[in-house]
Amino acid sequence: MMKHPSLTVRTSPPPVVTHVITGLNIGGAERALSALLTGGLQGPVSNRVISLMDEGHYGPLLREAGIEVSCLGMKRRLPSPAILLQLRRALRAMPQDIIQGWMYHGNLAASVGAKLVSGQPAIAWNIRTSMDDPSLISKSTHLFIGLGAKMSDGVDSIVYNSARSRRQHHEIGYSATSDLVIPNGFDLDLWRHGAEARAQARAALGISDSTLVAGFVGRGAQVKDIPTLLHAFSQLRARLPEAVLVCIGRDVEKQRPSNVSADGVFFLGQRADVADLIPAFDVFCLSSRVEGFPNVLGEAMACGIPCVTTDVGDAADIVGDTGWIVRPGTPSDFADALELAFRTPAEARLRRGLAARGRIQTHYGLENIVTRYAELYRRMGKACQCAES
């Protein structure tokens, strides 16, 4: 039977979003983008990715998930005219409703790219860090931040992953007209917890069940303040000689001060099996001086691991009362918090860990975050269509 035209249900096609990011190597923003696109956003939204640099770690994983990835091969942080021509060519290869930038360089590339194509795509930015310590920001990034403040009025939506970052960017002149906070999301099926996950992780690391283990995951960058972590752990070892520190990440060992002992510290380098190893920890450590929404806190908490963290970005709000918060750059305070965490009875520490996992499930579950991005892109796509009609 033929349907009456008035009864025909018309559904709009999913908005087409091109994500522009500096690179796709291992990092917080790159991991967040990959988690979104492979965690349910592809479908409600049609996505593709342009990496200004290379495909890094996440490019092949995105392609395996059926997401188109283009790499422009930029070698320096400042795009050359040749890279802008490649960006125009990549954007023109497929029309899009929205160009979504990621981080300062990707954001400005998204705004410039939107002017190089027809169809007037909407522009979205994604800002992933706070400005807790401006002295750690490079001169080139300061330049991009300043340009961003001047160009932000021409952006249709700015997404921040932390409330603190949003406030700080407002203070330096970023538009507050169409912005919002969408935190990072976590797949609780990927980040496992429990006795079995712990036993398997400790067996993989060759660590006994009774050993007190502090863990760190991150790159060896100045903003991560590895020296404070290692100074703090050295102080802790004088009080609890049986404790060990497991450090996972690229170039972490290079950040060790020459006057700090490495006794009890295991530097594992960059690993692809982080989700399998975090359950080995009794306590997770974040010593950063600058963050937005630290992915590693959410990952550790999703694994049921309580955290000792510096008060950077939204870290204190993420952890709540499940962990311990200290001021950045204070090794003695960090050591005291670590000692308090380790001297907490195992059952009480386990309860904190379960509360931490529950907090992630309630506030930062990946499914909910994917839904919020999909709703944002649908609104932007409709607004774009109305502007063109």
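Keep in mind that what you see is a predicted model, and the values were worked out from it rather than measured.
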Task: Side-chain heavy-atom pair Trp125, Tyr174 within 4.5 angstrom cut-off - done: yes
Open item on the list: By the definition side chain to side chain contact (heavy atoms under 4.5 Å, CB included), identify the one residue from Asn47, Leu41, Val49 that meets it with Val17.
Closed with: Asn47
Open item on the list: So that I know where these two stand, are Tyr160 and Phe293 an aromatic pair - ring centroids less than 6.0 Å apart?
Closed with: no
Open item on the list: With a 4.0 Å cut-off on N to O distance, would you call Arg239 and Asp336 a salt bridge?
Closed with: yes
Task: Glu242 bridged to Arg237 by N-O distance under 4.0 Å - done: no
Open item on the list: Please evaluate residues Ile158 and Ser152 with respect to the criterion side chain to side chain contact (heavy atoms under 4.5 Å, CB included), reporting the C-alpha separation (whole Å), side-chain torsions for both, the decisive distance (0.1 Å), and the verdict.
Closed with: CA-CA 8 Å; Ile158 302 177; Ser152 61; 4.0 Å; yes
Open item on the list: With rounding to the nearest 0.5 angstrom, report the CD1 to OG distance, Ile99 to Ser111.
Closed with: 8.5 Å
- [ ] List the atom of Ile26, the atom of Tyr58, and the distance in Å for their closest heavy-atom pair.
- [x] CA-CE1, 3.9 Å
Task: Connected via hydrophobic side-chain network under 4.5 Å: Phe186 and Leu190 - done: yes
TODO: Check the hydrophobic clustering (I, L, V, M, F, W, Y; side-chain heavy atoms under 4.5 Å; chains of links allowed) and say if Val246 and Ile278 are grouped together.
DONE: yes
Task: Exam field: side chain Asp97 to backbone Val16, donor-acceptor pair closer than 3.5 Å - done: yes
- [ ] Drop me the distance from Gln86's CD to Leu52's CG, to the nearest 0.5 angstrom.
- [x] 10.0 Å
Open item on the list: I'd like to know if the side chain of Asp156 reaches the main chain of Ser178, judged simply by a donor and an acceptor atom lying under 3.5 Å from each other, with no hydrogens or angles considered.
Closed with: no
TODO: Start with the C-alpha distance between Phe334 and Cys285, add both sets of side-chain angles, then the distance that settles side chain to side chain contact (heavy atoms under 4.5 Å, CB included), and finish with yes or no.
DONE: CA-CA 9 Å; Phe334 208 101; Cys285 302; 4.0 Å; yes
- [ ] Using modelled atom types only, decide if a donor and an acceptor are shared between the side chain of Ser46 and the backbone of Gln42 within a distance under 3.5 Å.
- [x] no
- [ ] Could you tell me whether Asp321 and Arg352 make a salt bridge, using a distance below 4.0 angstrom between a side-chain N and a carboxylate O?
- [x] no
Open item on the list: Testing the 3.5 Å rule here: is there a donor-acceptor pair between the side chains of Arg48 and Gln96?
Closed with: yes
- [ ] To the nearest 0.5 Å, tell me how far Gln255 CD sits from Leu229 CG.
- [x] 11.5 Å
Task: Hydrophobic cluster identity match, Leu354 and Trp324, side-chain contacts under 4.5 Å - done: no
- [ ] Could you tell me whether the side chain of Thr309 and the main chain of Ile325 form a donor-acceptor pair under 3.5 Å?
- [x] no
- [ ] Look only at the side chain of Asp133 and the backbone of Met131, and say whether a donor-acceptor pair between them is shorter than 3.5 Å.
- [x] no
- [ ] Any chance you could measure Leu180, atom CG, to Glu375, atom CD, to the nearest 0.5 Å?
- [x] 10.5 Å
Task: Heavy-atom pair of closest approach, residues Phe284 and Val296 - done: CZ-CB, 3.6 Å
Open item on the list: Minimum heavy-atom separation for Ala316 and Asp311, please, with both atom names.
Closed with: CB-OD1, 3.8 Å
TODO: Name all pairs fulfilling the side-chain hydrogen bond (donor to acceptor under 3.5 Å, both in side chains) condition that reach into residues 189-208, sequence neighbours left out, sorted by first residue then second.
DONE: Arg192-Gln200, His193-Arg357, Glu196-Gln200, Arg198-Asp209, Arg198-Asp282, Arg202-Asp282, Ser208-Ser210, Ser208-Thr211
Open item on the list: Any heavy-atom pair between the side chains of Met380 and Pro15 that's under 4.5 Å?
Closed with: no
Task: Gln168 versus Asp132, side-chain donor and acceptor atoms under 3.5 Å - done: yes
Task: Criterion salt bridge (charged side-chain N to carboxylate O under 4.0 Å, His left out) on Arg63 and Glu68, from CA distance to verdict - done: CA-CA 6 Å; Arg63 288 197 184 97; Glu68 179 186 340; over 6 Å; no
Open item on the list: Treating Thr371 as the side-chain partner and Glu367 as the backbone partner, does any N or O pair qualify as donor plus acceptor under 3.5 Å?
Closed with: yes
Task: Student check: side-chain heavy atoms of Ser162 and Arg167 closer than 4.5 Å - done: no
- [ ] For the pair His170 and Asp179, evaluate side-chain hydrogen bond (donor to acceptor under 3.5 Å, both in side chains) and give the outcome as yes or no after the intermediate values.
- [x] CA-CA 10 Å; His170 285 177; Asp179 64 356; 2.5 Å; yes
Task: CD (Gln235) with more than 12 external heavy atoms under 6.0 Å - done: yes
Open item on the list: When you compare the side chains of Asn126 and His19, does any donor N or O come within less than 3.5 Å of an acceptor on the partner?
Closed with: no
Open item on the list: Please check this pair: side chain of Arg164 against backbone of Ser130, looking for a donor-acceptor N/O pair closer than 3.5 Å.
Closed with: no
TODO: Calculate, to the nearest 0.5 Å, the distance between atoms CG and CZ belonging to Asp314 and Arg166 respectively.
DONE: 11.5 Å
TODO: Please tell me if the side chains of Pro294 and Glu299 come closer than 4.5 Å, counting only heavy atoms from C-beta onward.
DONE: no
Open item on the list: Contact between Cys247 and Val265 at the side-chain level, heavy atoms closer than 4.5 Å - yes or no?
Closed with: yes
- [ ] Would you check if Arg271 and Leu277 make a side-chain contact, meaning some heavy-atom pair closer than 4.5 Å?
- [x] yes
TODO: Quick one: do Val223 and Val312 satisfy side chain to side chain contact (heavy atoms under 4.5 Å, CB included)? Show the steps, please.
DONE: CA-CA 11 Å; Val223 294; Val312 289; over 6 Å; no
Open item on the list: Can you confirm whether the side chains of Arg128 and Asn184 place a donor and an acceptor under 3.5 Å from each other?
Closed with: yes
TODO: Taking all non-hydrogen atoms of both residues into account, name the closest pair between Thr22 and Gly106 and its distance.
DONE: OG1-N, 3.9 Å
Task: Closest contact, heavy atoms only, Thr129 versus His169 - done: O-CE1, 3.6 Å
Task: Donor-acceptor contact present, side-chain Thr362 to main-chain Arg359, <3.5 Å - done: no
TODO: Kindly indicate whether the side chain of Leu236, heavy atoms from C-beta on, has any atom under 4.5 Å from the side chain of Phe342.
DONE: yes
Open item on the list: So does Asp225 get a backbone contact from the side chain of Ser287, meaning a donor-acceptor N/O pair under 3.5 Å?
Closed with: yes
Task: Charged N-O contact under 4.0 Å between Lys224 and Glu291 - done: yes
Task: Worked verdict on Arg88 versus Leu85 for side chain to side chain contact (heavy atoms under 4.5 Å, CB included) - done: CA-CA 5 Å; Arg88 182 179 67 173; Leu85 288 174; 3.7 Å; yes
TODO: Check whether Val283 and Val217 end up in the same hydrophobic cluster, where Ile, Leu, Val, Met, Phe, Trp and Tyr are linked by side-chain heavy atoms less than 4.5 Å apart.
DONE: no
Task: Salt-bridge criterion met for Asp333 and Arg327 (N-O under 4.0 Å) - done: yes
Open item on the list: Do Ile207 and Val213 make a side-chain contact, defined as non-hydrogen atoms from C-beta onward lying under 4.5 Å apart?
Closed with: yes
TODO: Could you tell me whether a side-chain N or O of Thr38 sits under 3.5 Å from a main-chain N or O of Ser34, the two making a donor and an acceptor?
DONE: yes
Open item on the list: Can you tell me how far apart CD (Gln100) and OG (Ser157) are? Round to the nearest 0.5 Å.
Closed with: 7.5 Å
- [ ] Following the transitive rule for hydrophobic clusters with a side-chain heavy-atom cut-off under 4.5 Å over Ile, Leu, Val, Met, Phe, Trp and Tyr, establish whether Leu340 and Leu297 coincide in one cluster.
- [x] no
Task: Heavy-atom pair with the smallest gap, counting every atom of Gly28 and Asn295 - done: O-ND2, 2.8 Å
